[in-house]
Amino acid sequence: MFNPVRALAAFALAFASLGAATALADGPILIKFSHVVADGTPKGQGALMFKQKVEERLAGKVKVEVYPNSSLYGDANELEALRNNEVQLLAPSLAKFEQYTKQLQVFDLPFLFDDIEAVNRFQKRSKGRQLLRSMEDQNIVGLAYWHNGMKQLSATRALRTPGDANGLSFRIQSSAVLEAQFGQIGASTQKLPFAEVFKALQSGQVQGAENPWSNIYSQKLHEVQPFISETNHGVLDYMLVSNSRFWYGIPHQIRVELEAIIDEVSYAVNKQAEAANQADRQRIIDSGRSQLITLSNEEREAWRNAMRPVWQQFESVIGSDVIKAAQTVNRKQRD
Ligand code: SIN
């Protein structure tokens with residue numbers, strides 16, 4: 001029986017394939033890979049590794065252009081540019097998909113994951129894999145997760161207890177969960193694109209931020225933040241995404257090779273990210289520009305208790321099944 005939805009999908013795919021095939025007839029398929037961080041970070045290195053491997057294995061068939069540091073698109077417009085096929089690969093942090101799916105907000109919940117290994121386990125299990133497909137109805141396909149690392153809190157004053165953050169304004173990514181997280185400790189927030197973070201901190205527009213070590217170091221945030229508390233309170237990871245119509249329109253053999261390259265690059269990025277963050281942590285300490293505040297177990301527990309109510313607040317939007325799946329793979333089983 002004629003199924004109009006299927007017919008439309010088949011037509012769309014055929015149309016997309018035609019587009020990619022035409023591109024190939026006209027020359028190599030062009031993949032523009034845009035991102036907002038520096039080349040030296042885990043994501044920056046992953047993008048360059050992807051380009052290098054494609055050049056080695058798909059020369060003449062696929063060409064990759066990498067645009068770091070928001071030089072092509074920034075946080076405000078990169079996902080729309082992807083959906084319009086103006087750029088073909090991005091790796092936004094997971095907080096930045098809020099507009100397209102609420103399920104990925106699970107990654108923003110404070111103190112949900114004990115460490116990056118717990119995050120890794122969740123991403124590999126079936127619920128984590130399912131989330132890669134959670135935006136396909138909006139023409140966004142998730143190809144892989146890439147790690148950056150756990151976030152630390154930086155500020156103009158020493159943050160040892162949650163009460164120390166009271167009254168400060170923190171720069172956050174565009175995420176309702178992160179807004180609520182800071183609300184729990186009496187702090188206000190400003191949602192700003194990553195490219196504006198250094199200036200906002202330097203000028204005093206905001207007094208604090210949360211970032212993994214590699215983003216702090218590569219953006220020189222430690223030079224304008226006299227204190228960094230090692231809270232490891234949340235994760236900043238990425239989803240490598242493409243435009244679904246573009247991606248499924250790539251001729252099969254080429255797409256299979258691209259996916260093999262992505263697997264290899266993702267493995268390398270995820271293996272190296274933690275060491276890269278620890279090296280940047282040490283560089284920050286060695287710079288003497290910012291004082292590192294390490295928390296005792298009791299002090300960290302106080303932060304956890306203060307922020308933990310956010311889970312309940314977002315449980316119905318994220319889905320209790322998603323949160324439970326994340327809790328299940330956490331090493332230290334708590335409540
Ligand atoms: C990034 O690592 O891509 C930027 C994250 C942020 O906006 O804080």
Side-chain angles (χ1 to χ4, degrees), residues 33-48 50 66-79 81-82 87 89-100 104-105 107-108 110 116 119 140 142-155 169-179 181-182 187 189-202 205-222 224-225 228 231-241 265-266 269-270 272-274 276-277 280-281 284:
F33 189 159
S34 171
H35 65 82
V36 302
V37 291
D39 282 336
T41 59
K43 177 163 61 179
Q45 290 291 292
L48 292 175
F50 174 76
V66 176
Y67 297 90
N69 285 318
S70 310
S71 55
L72 187 61
Y73 294 102
D75 284 334
N77 52 9
E78 64 175 15
L79 275 158
L82 182 88
V87 59
L89 272 186
L90 300 173
S93 62
L94 295 162
K96 292 182 186 158
F97 293 102
E98 180 183 82
Q99 199 185 328
Y100 305 99
L104 285 173
Q105 290 187 324
F107 289 102
D108 289 342
I116 204 73
V119 178
I140 298 173
L143 302 170
Y145 290 106
W146 283 3
H147 294 324
N148 187 331
M150 303 304 282
K151 292 180 290 186
Q152 321 301 338
L153 285 177
S154 64
S169 180
F170 284 80
R171 176 271 170 172
I172 56 165
Q173 304 176 75
S174 189
S175 154
V177 173
L178 299 178
E179 195 173 6
Q181 166 193 282
F182 283 105
T189 51
Q190 286 187 40
K191 294 178 179 167
L192 295 172
F194 189 64
E196 291 174 26
V197 179
F198 178 85
K199 273 212 174 96
L201 290 168
Q202 188 186 39
Q205 179 187 347
V206 289
Q207 296 84 48
E210 51 165 15
N211 286 285
W213 296 111
S214 61
N215 281 1
I216 298 175
Y217 184 72
S218 59
Q219 297 297 313
K220 301 188 185 348
L221 304 184
H222 57 296
V224 289
Q225 291 276 264
I228 305 177
T231 48
N232 290 310
H233 62 282
V235 63
L236 192 141
D237 263 16
Y238 306 113
M239 191 185 284
L240 182 69
V241 287
V265 173
S266 304
V269 169
N270 292 342
Q272 291 160 13
E274 177 62 9
N277 270 291
D280 284 343
R281 174 187 183 275
I284 292 167

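Here the structure is a predicted model, which is why all the values come from computation and not from measurement. One is the number of the first residue; the rest follow in order along the sequence. When a ligand or atom number is given, it counts from 1 through the structure's own listing order.
Side-chain atoms of F97 and L79, non-hydrogen and from C-beta on, do get closer than 4.5 Å to each other. In this structure, the side chains of Q152 and R281 stay at 4.5 Å or more apart for every pair of heavy atoms. Here the side chains of I216 and Q225 are not in contact, with every heavy-atom distance at 4.5 Å or above.
Nearest-heavy-atom check against atom 7 (O) of ligand 1 across K191, K151, K96 picks out K96.
Ranking the protein heavy atoms by distance from atom 3 (O) of ligand 1 puts K43 NZ, 2.6 Å first. Closest to atom 2 (O) of ligand 1, if we only count protein heavy atoms, is Y238 OH, 2.5 Å. Protein heavy atom at the shortest distance from atom 8 (O) of ligand 1 is R171 NH1, 2.7 Å.
Within ligand 1, counting atoms from 1 as listed, the ones closer than 4.0 Å to a heavy atom of Q173 are 5 (C), 6 (C), 7 (O), 8 (O). For ligand 1, the atoms sitting less than 4.0 Å from at least one non-hydrogen atom of V37 are 1 (C), 2 (O), 3 (O), numbered in the order shown with element in parentheses.
Taking every heavy atom of both residues into account, D75 and F194 meet most closely at OD2-N, 2.7 Å.
In the model, N211 has no side-chain atom that pairs as donor or acceptor with a side-chain atom of S154 under 3.5 Å. Side chain to side chain, Q205 and Q190 meet the donor-acceptor criterion of an N or O pair below 3.5 Å. Under the 3.5 Å distance criterion, with hydrogens and angles disregarded, a donor-acceptor pair is assigned to the side chains of E210 and Q181.
Polar contact with ligand 1: absent for S93 (N/O pair, distance under 3.5 Å).
Residue contacts with ligand 1 for N215 involve side-chain atoms from C-beta outward but no N, CA, C or O (heavy atoms, distance under 4.0 Å). At a 4.0 Å heavy-atom cut-off, ligand 1 does not touch T41 at all.
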